[in-house]
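Shown next, in structure tokens, is the structure this report addresses.
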Amino acid sequence: MKPAPFEYTAARSVAEAVAALARGGEEAKVLAGGQSLVPMLNMRLARPSLLVDINRARELDYIREADGAVRIGATTRQRAFERWASSQLPLAAEALSRVGHTAIRNRGTVVGSLVHADPASELPAVLLCLDGSVVARSEQGERVIPAGDLYVAPLTTALRPGELAVEARLTLPPAGAGWGFAEVARRHGDFALVGSIAVVSLDQSGRVVRARVGFFGVGATPARGSAAEAALMGQTPTPTLIKDAARAAAAALRPDADIHATADYRRRVAAVLAERTLIAALARCGRAA
Ligand SMILES: Cc1cc2nc3c(=O)[nH]c(=O)nc-3n(C[C@H](O)[C@H](O)[C@H](O)COP(=O)(O)OP(=O)(O)OC[C@H]3O[C@@H](n4cnc5c(N)ncnc54)[C@H](O)[C@@H]3O)c2cc1C
């Protein structure tokens, strides 16, 4: 199938992109890496009347680390960030290694994946677990949308018509924090059936002082495992505590059934993966990344 007709404009700057988006209103869509949008156009699942291509806006191609956070511009390719993250943020590198295949990551953008908001995507759950945010720019100005407020429904974010996501921000885990990542997919590179992330910090006496547990593929949006985080805080982790915490977090999930897996399967696997990611995170605590 071929896309429905649309107007196309190649913005050379954020200002040009934002002006074009204001002109197009609800009928306009941003074209970043095109790895999700172009198939949707071809299948006529998306029928924008205006495409605003941001690939020539060079000011959006950057990875900047400052004040304990990393900022990623909207045209930064997933593969470029994966390379940076392999030494600086191994959790993100591990998550990115599961996003499709290298050819897709060479073109797909980090910000595009975050705002495309596929519930089975890896990066939105990373954004949640690293207390991240997305910066949105429009003709009305700029606002920062925390990850917890960004995800509204499948393929739907809090971004408004006319807004361009210009940057993603991830808080770097504190020194000595441990991380774990696990997903179940039919084949390497497929979207996850179920996935889990954990980031944990311990104090000198081995008690949990910070815990983030996240899930993807198990509901309409990525989710934090707040029950597990609360159960672990201030405790010295034992195998029983970890198992119970993981189960409590999974019990709060509301996964959907589809042709790939039942809701019950997803919830059970989520408990197992959360336990594994917590064990991996705790094993890494105190070690250099
Ligand atoms: C075969 C295949 C396998 C894949 N497997 C996975 C996988 O396992 N995991 C995974 O997470 N992803 C997977 N993907 C999707 C891939 O990661 C995409 O790159 C990503 O979802 C979208 O990024 P993009 O830059 O290509 O965005 P585009 O396709 O250009 O845009 C996607 C959507 O986001 C909007 N958008 C993009 N950038 C902005 C912006 N700056 N501001 C406002 N709106 C914006 C667009 O308007 C569009 O609605 C796969 C894709 C393919 C083709």
Side-chain angles (χ1 to χ4, degrees), residues 3 6 8-11 13-14 17-18 20-22 24 26-43 45-57 59-62 72-82 92 94-127 134-138 142-143 145 150-151 154-168 181 183-195 197 216-217 221-222 260:
F6 55 82
Y8 168 90
T9 184
S13 65
V14 170
V18 162
L21 288 172
E26 298 208 355
E27 296 296 311
K29 272 211 170 282
V30 174
L31 174 67
Q35 299 303 296
S36 296
L37 182 57
V38 171
M40 289 178 76
L41 292 174
N42 286 340
M43 287 184 274
L45 294 171
R47 302 171 73 115
S49 60
L50 173 64
L51 274 196
V52 181
D53 184 346
I54 59 169
N55 286 284
R56 289 177 184 77
E59 71 203 89
L60 290 174
D61 187 9
Y62 59 87
I72 308 142
T75 60
T76 305
R77 307 294 163 190
Q78 293 160 3
R79 187 78 181 115
F81 186 56
E82 186 181 354
E94 178 70 21
L96 274 158
S97 75
R98 314 298 177 95
V99 174
H101 307 281
T102 310
I104 288 153
R105 302 196 297 273
N106 277 339
R107 193 72 203 155
T109 63
V110 172
V111 171
S113 173
L114 292 172
V115 302
H116 182 57
D118 190 309
S121 271
E122 290 81 359
L123 294 185
V126 172
L127 192 79
V134 162
V135 181
R137 185 96 53 90
S138 71
E142 191 171 281
R143 65 185 181 118
I145 310 171
L150 183 64
Y151 296 105
L155 308 187
T156 309
T157 66
L159 278 176
R160 300 176 187 135
E163 280 187 327
L164 173 70
V166 286
E167 178 178 285
F181 178 96
E183 77 171 44
V184 169
R186 285 194 183 275
R187 299 166 302 189
H188 186 97
D190 281 3
F191 278 95
L193 293 177
V194 185
I197 292 172
F216 50 102
T221 62
H260 304 295

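Whatever order the structure lists them in is the order used to number ligands and atoms, beginning at 1. Quick note: numbers below take in every heavy atom, side chains included, and nothing from hydrogens, waters or symmetry partners.
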query = Would Thr9 and Asp53 satisfy side-chain contact (heavy atoms from CB on, under 4.5 Å), going step by step from the backbone distance to the final call?
reply = CA-CA 6 Å; Thr9 184; Asp53 184 346; over 6 Å; no
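Between the side chain of Gln78 and the backbone N or O of Thr109, at least one donor-acceptor pair lies under 3.5 Å. In terms of modelled atom types and a separation under 3.5 Å, the side chain of Arg79 and the main chain of Ala103 share no donor-acceptor contact. Between the Glu82 side chain and the Ala80 main chain, no donor and acceptor come within less than 3.5 Å of each other. Side-chain atoms of Glu59 come within 3.5 Å of backbone atoms of Val14 as a donor-acceptor pair (strictly under, hydrogens ignored).
The residues lining ligand 1, counting any heavy atom closer than 4.0 Å, are Lys29, Val30, Leu31, Ala32, Gly33, Gly34, Gln35, Ser36, Leu37, Ile54, Ala74, Gln78, Arg98, Val99, Gly100, Ile104, Gly108, Thr109, Val111, Gly112, Ser113, Val115, His116, Ser121, Glu122, Leu159, Leu164, Ala165, Gly189, Asp190, Phe191.
Taking Phe181 as the reference, Phe216 meet the ring pair (Phe, Tyr, Trp, His ring centres under 6.0 Å) condition, with sequence neighbours excluded.
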